[in-house]
Chemist: 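Starting off with a structure, shown below.
Residue numbers begin at 1 in each chain, while the letters A, B, ... track the order of the sequences.
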Number of protein chains: 2
Amino acid sequence: MPQIKIIMAPKSKDASTEERIKEAARTVFTQKGYSATRTRDIAEEAGINLALLNYYFRSKEKLFELVMAEKVGKLFGVIAPIVNNQNTSLDEKVTLIADAYITMLTQNPGLPLFVLSEIRNNPEHFGNKMQAGKLLTESYFVKQLIEKRPDIHPLHFIINVLSMCIFPFIAKPVLESAGVMSANQLNDFTEERKTFIVKWFKAMIDS
Amino acid sequence: MPQIKIIMAPKSKDASTEERIKEAARTVFTQKGYSATRTRDIAEEAGINLALLNYYFRSKEKLFELVMAEKVGKLFGVIAPIVNNQNTSLDEKVTLIADAYITMLTQNPGLPLFVLSEIRNNPEHFGNKMQAGKLLTESYFVKQLIEKRPDIHPLHFIINVLSMCIFPFIAKPVLESAGVMSANQLNDFTEERKTFIVKWFKAMIDS
DNA sequence: ATTAAAATTAATCATTTGATTAAATCTTTT
DNA sequence: AAAAGATTTAATCAAATGATTAATTTTAAT
């Protein structure tokens, strides 16, 4: 029978089951990606019966899209308010971006690799199109970059700043697996970069 | 019955079927990752019967490990001879790295995201451990970096150079999907960076 | 040409996996 | 307390999937 059930106001009560599933989904999806994740993995991680996953979220894909939207939002939400601010200088923006990004990624180290590889596998999952695109092409940050260096495409500098912030987290599995750095050392390393990146950015844009 | 078949010398003849399967595997695995790849996808891409895949390669996993080893080799093989060369200066090394990496990645744009996300999912796939680790900690390049800037951990500069080369390719699916750049524009963009990155590296290390 | 080995195919297996169902338990309302 | 609704569970389904088998065709050797 089709979907004509009476929708009750969501019982604001405990909500713990639904949230536990979502949290488990965040963990497992981020760790293994969409395809390698079994709904049973999520159920086990959440400590619930498998059928509850479909009871609350209809399907694996629906649940994934929920998590994915969250993660994409987190990945771009960090810079959006910074790059559109008309009251901060170029250097201040880079300081804020490096600080905000590295802080957030330290707590969500798997985030970039997860989002980027899922978008590769399934670009439609990336509903954010215009939003994210405009940050990279029409923000006040871009305007300031062009003003300072009209001879170089602003995306070069944006990519440089983002790559220097994000890349260590993308390379994390390799650095750890190859025995180059422990997780703790990597934390110190990226923390150091918060100040370095600004210095390097200044040197690059003035060169 | 166990594996006691007589192994004949491989018929050096055509070899086309085996190679076609391997080539199809390269394509599909790189595009979709291990978990999302169906052996039937590979068989179809290669235009062969599914059973032949197992006839030649025993299993999906064996075939994958073959492809993975190749790809890891390609990703690290590019820099190995450059960073260990005792007859080139620091700046020359960066020039060579940027050129070699961007050239190779232009022809294998999906390579970094593939290797990095598979290593995340299954670190054991990364048999390269010591080899790759030493490149990042014991190469002549590292020695030169320490000599020039003993006050800053050399890995900062290594990560900076690598990130500026590789990151645009990792971000490629987002840049295209978000409408920021077409594939062609991205090619021009990364080509430009071959010279820029050296200039930026000099500015950074002297700052 | 005959024979043996190698390559290829269609059919099939066993497991995994996302999803559903029907019954049971818990909660809320009356 | 009884009824109704919401939540949870065990059992099961159907499709997908990696792999195998047994037969057939092709290739190579004698």
Chemist: Without decimals, in angstroms, what is the distance between E65(B) CD and dG18(D) P?
Modeler: 15 Å
Chemist: Can you tell me the distance, in whole Å, between the CZ atom of F64(B) and the C1' atom of dG18(D)?
Modeler: 16 Å
Chemist: How many Å lie between CD1 on I42(A) and P on dG18(C), as a whole number?
Modeler: 8 Å
Chemist: Determine, for R26(A) against E45(A), whether the closest basic-nitrogen to carboxylate-oxygen distance falls under 4.0 angstrom.
Modeler: no
Chemist: How close do T190(A) and N187(A) get, heavy atom to heavy atom, and via which atoms?
Modeler: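 Closest approach of T190(A) to N187(A), heavy atoms only: OG1-O, 3.1 Å.
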Chemist: What does Y56(B) touch in the nucleic acid at a heavy-atom separation under 4.0 angstrom: a base, only the sugar-phosphate, or nothing?
Modeler: sugar-phosphate
Chemist: Starting from P on dA19(D), measure out to CZ on R58(B) and report it in whole angstrom.
Modeler: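 It is 10 Å, rounded to the nearest whole Å.
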Chemist: Give me, pair by pair, the N or O atoms of the protein and of nucleotides 10-16 of chain D that are less than 3.5 Å apart, along with how far apart they are.
Modeler:
residue: dA10(D); atom: N7; partner: N49(A); partner atom: ND2; Å: 3.4

Chemist: Go through the steps to decide whether M164(A) and M204(B) satisfy the test side chain to side chain contact (heavy atoms under 4.5 Å, CB included), and finish with yes or no.
Modeler: CA-CA 12 Å; M164(A) 290 193 296; M204(B) 281 193 284; 4.2 Å; yes
Chemist: Compute the centroid of each ring, for F29(A) and then for F64(A), and state whether the two points are separated by less than 6.0 Å.
Modeler: yes
Chemist: Should T17(A) be listed as having a side-chain N or O under 4.0 Å from OP1 or OP2 of dT8(D)?
Modeler: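 For dT8(D), OP1 or OP2 has a side-chain N or O of T17(A) closer than 4.0 Å.
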Chemist: Specify the residue among Y34(A) and Y55(B) whose closest nucleotide of DNA chain C lies further upstream toward the 5′ end.
Modeler: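 The 5'-side residue here is Y55(B).
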Chemist: Rounded to whole Å, how long is the line connecting atom CG of N54(A) with atom C1' of dT8(D)?
Modeler: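 For the pair N54(A) CG and dT8(D) C1', the rounded distance is 13 Å.
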Chemist: What's the CD-P distance between E44(B) and dG18(D), to the nearest Å?
Modeler: 14 Å
Chemist: Taking 4.0 Å as the cut-off, does a side-chain nitrogen or oxygen of S59(A) come that near to OP1 or OP2 on dG18(C)?
Modeler: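 The answer is no; no side-chain N or O of S59(A) sits under 4.0 Å from OP1 or OP2.
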Chemist: Using a 4.0 Å heavy-atom cut-off across all strands, classify S35(B) as base, sugar-phosphate, or nothing.
Modeler: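 S35(B): no heavy atom of the nucleic acid under 4.0 Å.
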Chemist: For D41(B), give me all partners under side chain to side chain contact (heavy atoms under 4.5 Å, CB included), at least two apart in sequence or on another chain.
Modeler: V28(B), K32(B), R38(B)
Chemist: Applying side-chain hydrogen bond (donor to acceptor under 3.5 Å, both in side chains), run through K60(B) and T37(B) and close with a yes or a no.
Modeler: CA-CA 9 Å; K60(B) 177 188 180 184; T37(B) 295; over 6 Å; no
Chemist: Using a heavy-atom cut-off of under 4.0 Å over every strand shown, decide if F57(B) touches base, sugar-phosphate, or nothing.
Modeler: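 If one applies the 4.0 Å heavy-atom cut-off, F57(B) turns out to touch nothing in the nucleic acid.
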Chemist: When you get a sec, tell me which of dT8(D), dT20(D), dG18(D) is the closest nucleotide to the side chain of T39(B)?
Modeler: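 Among the listed nucleotides, the one closest to the side chain of T39(B) is dG18(D).
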Chemist: Does a side-chain N-to-carboxylate-O contact under 4.0 Å join E23(B) and R20(B)?
Modeler: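 Salt bridge absent between E23(B) and R20(B).
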Chemist: Starting from P on dG18(D), measure out to CG on L53(B) and report it in whole angstrom.
Modeler: 9 Å
Chemist: May I have the distance from L52(A) (atom CG) to dT7(D) (atom P), rounded to whole angstrom?
Modeler: 10 Å
